[in-house]
Each structure stands twice: as C-alpha cells, then as structure tokens.
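Computed from a prediction, not measured in an experiment: that's the story for all the values here.
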Amino acid sequence: MAVYSAAAAVLAGVESRQGSLKGLVYASNFQNVKQLYALVCETQRYSAVLDAVIANAGLLRAEKKLRPHLAKVLVYDLLLGKGFGGRGGRWKPLLERHQARLKAELARLKVRQGVSRNEDLLAVGPKPGPASQVPRFVRVNTLKTCTEDAIDYFKRQGFSYQGQASGLEDIRALKGKCFLLDPLLPELLVFPAQTDLHDHPLYQAGHLILQDKASCLPAALLAPPPGSHVMDACAAPGNKTSHLAALLKNQGKIFAFDQDAKRLASMATLLARAGVSCCELAEQDFLAVSPSDQRYCQVQYILLDPSCSGSGMPSRQLEEPEAGTPSPERLRALAAFQQRALSHALTFPTLQRLVYSTCSVCQEENEDVVQAALQQSSGAFRLAPILPSWPHRGLGTFPGAEHCLRASPETTLTGGFFIAVLERVEVPR
C-alpha cells in the first residue's frame with residue numbers, strides 16, 4: 001500500500017510543478033526508489049489513457065474518498081501493470097469492485113482507437129489541441145533576483161532573448177531556445193511550450209517560479225503595497241503566496257491558511273526556497289478564522305483561491321472534452337463551499353480589496369459565486385474594473401460581470417482561469 005501512496009504524492013507534485021520527477025522520488029524517503037520511480041513513470045506514460053478510463057467508468061464519482069492521483073496509480077497497476085498481488089491494502093477490495101467496469105472501458109477505448117494492444121494506445125495519442133500550445137511561463141522571484149539578471153543568465157546559457165512581446169502572436173511564434181518578456185507582467189518570462197526548466201539552477205535556487213500566467217494574475221491584481229497585512233485564505237501549494245511576498249518585498253504580513261498538513265509542509269519548503277520571511281502559516285480552515293480576531297485587525301487585502309473542479313487546467317484527454325466535466329453534484333458542493341468562503345472573507349471589517357480566483361471554467365464556480373456573494377454583501381462591495389484590454393471577460397450573467405476576467409488556451413494562451421476583484425464601496429461622509 002505504501003508504494004501507491006508514495007507514487008500518488010510524487011505524481012501530484014510533478015503535475016503541480018513542485019519539482020522534477022527524479023527529485024520528488026528521492027525526496028519521498030520511500031525505501032525502494034527504483035520501484036517507486038518505475039511506477040510513477042509508467043503511470044505518467046499512460047496518464048491520458050487512465051484519465052479517460054477512470055472518467056468513463058465513473059470511479060471518482062462512485063468512490064468519493066479516493067483521490068484522483070491515487071486512483072490513477074491504482075488503476076494503472078490493476079489494468080496495465082503487474083496487478084496488486086499482495087499489495088493494495090484497503091484500496092484493493094474497492095478497486096476490485098470496479099474491476100469489470102474499468103476493464104470494459106479500457107476495451108471500448110481500444111475499439112474506438114482501432115488498436116488491440118495497450119501500448120498501441122500510446123502511439124495513437126490525443127490530437128494536439130490548444131492546451132498543448134500553452135507556453136512555459138516563468139516568474140522571476142524578485143525576492144532573490146531581478147528580471148534583468150535572469151534574462152542575462154539565460155542569454156549566457158545560449159538562449160536568445162527576443163525582447164518584450166507586443167501581443168499573443170509574438171508568443172505563438174516562439175520556437176527553440178528563444179524567449180520573451182511578457183507584455184503585461186514585468187517579472188514574467190515566456191518560453192516555448194515544451195521548455196523544461198525543472199532542473200535549471202535558478203529554479204532549484206528559488207530565483208525562478210514555474211507558474212502559468214493566469215495563476216500570476218491574482219496576486220498582481222490584488223497589488224498589496226509593501227507593509228500591508230494580507231490574507232491568503234486557501235494558500236497551498238504556495239506559488240501565489242510567494243508572489244504576494246515578492247510584491248510586499250517581504251515587508252508587512254501574510255496570514256496563510258490551509259487545512260491539509262502535508263500540503264502546508266510542502267508549502268513551507270517552497271516558501272523557504274523562495275526567500276519568503278513575512279508569512280505566517282496556519283493549519284486551519286479559513287471558514288473557522290474569526291473576523292473579530294485582533295491578529296487580523298489590519299488585514300486590508302485577501303486572496304481567495306478556493307478548492308475548485310480544476311476544469312480549466314490543461315489536460316491530455318483522449319476522449320472529447322466533456323469526458324472530464326465535473327458532475328452536477330460535485331459542482332453544487334464546490335460552489336456552495338466557494339460561496340461560503342467568499343461571503344466569509346467579505347465580513348472582515350478592515351478588508352478593502354479581495355481577489356477571488358479559480359482554475360475552473362464552470363459558471364457555477366465563478367460568476368454565480370461572485371454574484372451571490374455581492375448580493376449577500378448588501379452593497380458593501382462592488383466589482384472593480386480591471387485590465388480593460390484583456391480579451392476574455394466574464395460571462396454576462398449579471399450586470400457588471402464583464403469586469404471579471406476569464407482565461408483559456410484559445411483566447412489568452414494560458415490555462416483556463418477566472419478572476420474577480422472586489423473592492424469595498426466608500427461610504428460618503
């Protein structure tokens with residue numbers, strides 16, 4: 001059982017870009033490194049196949065306690081690997097209950113792709129879509145270096161700096177070892193999609209953060225000045241927190257909350273590597289944080305990036321895009337939590353500005369949540385107009401929704417994302 005848990009943790013780390021595969025395997029402290037490395041490599045290799053089989057079999061809907069990365073590792077071993085044998089622990093009987101359905105979905109997939117062997121599914125592969133064209137965005141960590149020095153370092157390594165991009169066409173044209181400065185964010189470098197910098201010395205030293213452009217926007221749009229007190233309500237894995245610290249220049253205070261102890265421990269490591277010294281981590285549910293607590297009496301800025309369906313994250317589905325759409329039940333549960341979290345955040349008495357963001361493309365988790373929270377605030381907050389030239393706006397489901405931002409591989413060359421900036425309405429004296 002231990003090998004499956006370890007493999008799931010490594011797989012999650014790789015997919016969230018917390019480190020290289022090899023580095024995360026060694027950091028796991030699992031005794032049989034070779035076995036763990038092989039299991040993760042093979043699971044990754046069949047990732048798109050496994051995603052399709054798991055989605056079509058409805059495994060995660062039926063077994064709500066089963067985490068997606070653990071499911072992927074277990075289903076790989078059950079269908080494509082050596083089988084559980086004496087392994088599997090408490091998950092073995094659970095997976096065996098679904099074995100017939102999972103095998104049937106794998107067989108259907110092979111019929112649809114016109115292949116007979118499992119290995120042939122890899123050769124067919126998914127057709128490259130817009131998600132595969134999303135470039136590699138690299139945020140320069142200004143707590144440790146500056147953009148000019150990072151650019152000079154890459155130039156000395158043989159990369160060709162093309163200057164600041166004038167628009168999306170410049171970014172689409174990137175090839176080989178060319179790179180650009182983003183036209184919007186002054187600390188963001190842009191490389192071709194397949195550029196791998198996980199083993200780069202500047203990344204290893206915390207001078208660079210591998211972070212999608214859309215994910216950089218929440219902290220940039222919150223824009224807390226140095227000396228501010230800021231709350232990061234659902235903080236792990238920590239990239240946005242480190243961005244907030246860079247904007248604060250480590251001056252002021254960040255109160256960062258997350259319920260998951262393991263994610264919080266990984267976040268502490270990430271923040272230490274990034275040189276963050278102004279952050280106070282708490283293993284706590286944000287909904288349980290009291291707005292009347294005197295520790296937070298100077299908090300004027302809140303970043304709320306709650307748990308979401310992740311439906312905007314670039315994926316490698318073999319099936320049609322609808323295969324990964326979250327179920328209505330899951331969407332309702334997520335939206336209810338998101339609305340509670342946003343409404344709770346708006347009750348902090350000194351709050352002036354809040355950014356709400358998700359990596360979801362679902363209206364239920366985005367415009368609907370913002371609209372409900374604004375109605376509940378009884379006019380105390382409004383949507384701030386932001387980035388008027390941004391091409392992809394919120395869905396017109398309520399007046400003012402056009403002030404929200406959306407992002408997608410097709411329209412902005414980023415992952416799918418949603419952002420709303422709420423600001424307190426000044427009361428005339």
Side-chain angles (χ1 to χ4, degrees), residues 142 184-185 215-235 239-258 276 278-282 284-306 338-358 366-367 369-388 390 393-394 398-405 417-429:
T142 53
L184 181 64
L185 300 175
S215 176
C216 294
L217 288 174
L221 291 169
L222 189 62
S228 305
H229 283 208
V230 183
M231 217 172 244
D232 193 347
C234 304
N239 281 340
K240 295 181 188 70
T241 318
S242 71
H243 195 183
L244 287 170
L247 293 168
L248 291 173
K249 300 179 180 176
N250 263 340
Q251 299 166 25
K253 193 80 174 174
I254 300 172
F255 300 99
F257 303 94
D258 204 275
V276 174
C278 64
C279 186
E280 183 180 297
L281 295 178
Q284 189 175 359
D285 179 358
F286 173 65
L287 290 172
V289 178
S290 171
S292 60
D293 191 320
Q294 286 304 297
R295 283 177 294 179
Y296 314 124
C297 67
Q298 296 181 62
V299 170
Q300 292 187 302
Y301 299 88
I302 293 180
L303 194 157
L304 175 61
D305 188 77
Q338 292 152 354
Q339 190 186 325
R340 284 198 306 275
L342 181 51
S343 295
H344 180 64
L346 296 181
T347 63
F348 281 77
T350 55
L351 175 67
Q352 294 298 314
R353 188 175 176 90
L354 176 145
V355 167
Y356 173 79
S357 62
T358 73
N366 297 328
E367 289 88 356
V369 168
V370 170
Q371 182 182 14
L374 285 171
Q375 288 173 345
Q376 197 171 331
S377 80
S378 304
F381 287 86
R382 68 181 177 194
L383 279 170
I386 47 173
L387 301 183
W390 189 260
R393 315 304 298 189
F398 65 95
E402 70 277 2
H403 294 320
C404 302
L405 303 184
F417 222 80
F418 173 87
I419 302 166
V421 179
L422 285 71
E423 59 184 10
R424 189 177 292 277
V425 175
E426 292 296 328
V427 179
R429 298 191 178 188

Rounded distance (nearest 0.5 Å) linking atom [atom1] of [X] with atom [atom2] of [Y]:
{"X": "Met231", "Y": "Phe348", "atom1": "CE", "atom2": "CZ", "result": "4.0 Å"}
{"X": "Leu303", "Y": "Leu222", "atom1": "CG", "atom2": "CG", "result": "5.5 Å"}
{"X": "Phe286", "Y": "Arg340", "atom1": "CZ", "atom2": "CZ", "result": "12.5 Å"}
{"X": "Leu405", "Y": "Asn366", "atom1": "CG", "atom2": "CG", "result": "11.5 Å"}
{"X": "Lys253", "Y": "Leu248", "atom1": "NZ", "atom2": "CG", "result": "11.5 Å"}
{"X": "Ile254", "Y": "Thr241", "atom1": "CD1", "atom2": "OG1", "result": "6.5 Å"}

Are side-chain heavy atoms of [X] and [Y] found at a separation under 4.5 Å?
{"X": "Leu387", "Y": "Leu221", "value": "yes"}
{"X": "Ile419", "Y": "Ser357", "value": "yes"}
{"X": "Leu374", "Y": "Phe381", "value": "yes"}
{"X": "Thr358", "Y": "Val369", "value": "no"}
{"X": "Leu217", "Y": "Val355", "value": "no"}
{"X": "Glu423", "Y": "Arg382", "value": "yes"}

Practice task
Classify the ring geometry between Phe418 and Tyr356 as parallel (under 30°), tilted (30 to 60°) or perpendicular (over 60°).
Solution key: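 Because their plane-to-plane angle is over 60°, the rings of Phe418 and Tyr356 count as perpendicular.
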>> If the test is side-chain contact (heavy atoms from CB on, under 4.5 Å), which one of Ser242, Pro224, Ser228 qualifies with Leu247?
In response: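 Of the listed options, the one satisfying the test is Pro224.
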Looking only at non-hydrogen atoms, find the nearest pair between [X] and [Y] and report the distance.
{"X": "Ala233", "Y": "Leu304", "answer": "CB-CD1, 3.7 Å"}
{"X": "Gln376", "Y": "Gln339", "answer": "OE1-NE2, 3.9 Å"}
{"X": "Ala246", "Y": "Thr142", "answer": "CB-OG1, 3.5 Å"}
{"X": "Pro291", "Y": "Pro349", "answer": "O-CD, 3.5 Å"}
{"X": "Tyr301", "Y": "Ala223", "answer": "CE2-O, 4.4 Å"}
{"X": "Leu346", "Y": "Ser377", "answer": "CD1-CB, 4.3 Å"}

### Task
Run the numbers on Ile302 and Tyr296 for side chain to side chain contact (heavy atoms under 4.5 Å, CB included), then give the verdict.
CA-CA 11 Å; Ile302 293 180; Tyr296 314 124; over 6 Å; no
### Task
Check the pair Gln352, Glu426 against side chain to side chain contact (heavy atoms under 4.5 Å, CB included), reporting the backbone distance first and the verdict last.
CA-CA 9 Å; Gln352 294 298 314; Glu426 292 296 328; 3.6 Å; yes
- Task: Can you sort out the partners of His403 under ring pair (Phe, Tyr, Trp, His ring centres under 6.0 Å), two or more places apart, ordered by chain and number?
- Result: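 Partners of His403 by the ring pair (Phe, Tyr, Trp, His ring centres under 6.0 Å) criterion come out as none, since no residue qualifies.
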Any donor-acceptor N/O pair, [X] side chain to [Y] backbone, under 3.5 Å:
{"X": "His344", "Y": "Val289", "value": "yes"}
{"X": "Arg424", "Y": "Leu351", "value": "yes"}
{"X": "Ser343", "Y": "Ala373", "value": "no"}

When you look at Cys278 and Asn250, which way does the side chain to side chain contact (heavy atoms under 4.5 Å, CB included) test go after all the steps?
-> CA-CA 5 Å; Cys278 64; Asn250 263 340; 3.4 Å; yes
* Tell me, with the steps shown, if Phe255 and His229 meet side chain to side chain contact (heavy atoms under 4.5 Å, CB included). => CA-CA 8 Å; Phe255 300 99; His229 283 208; 4.0 Å; yes
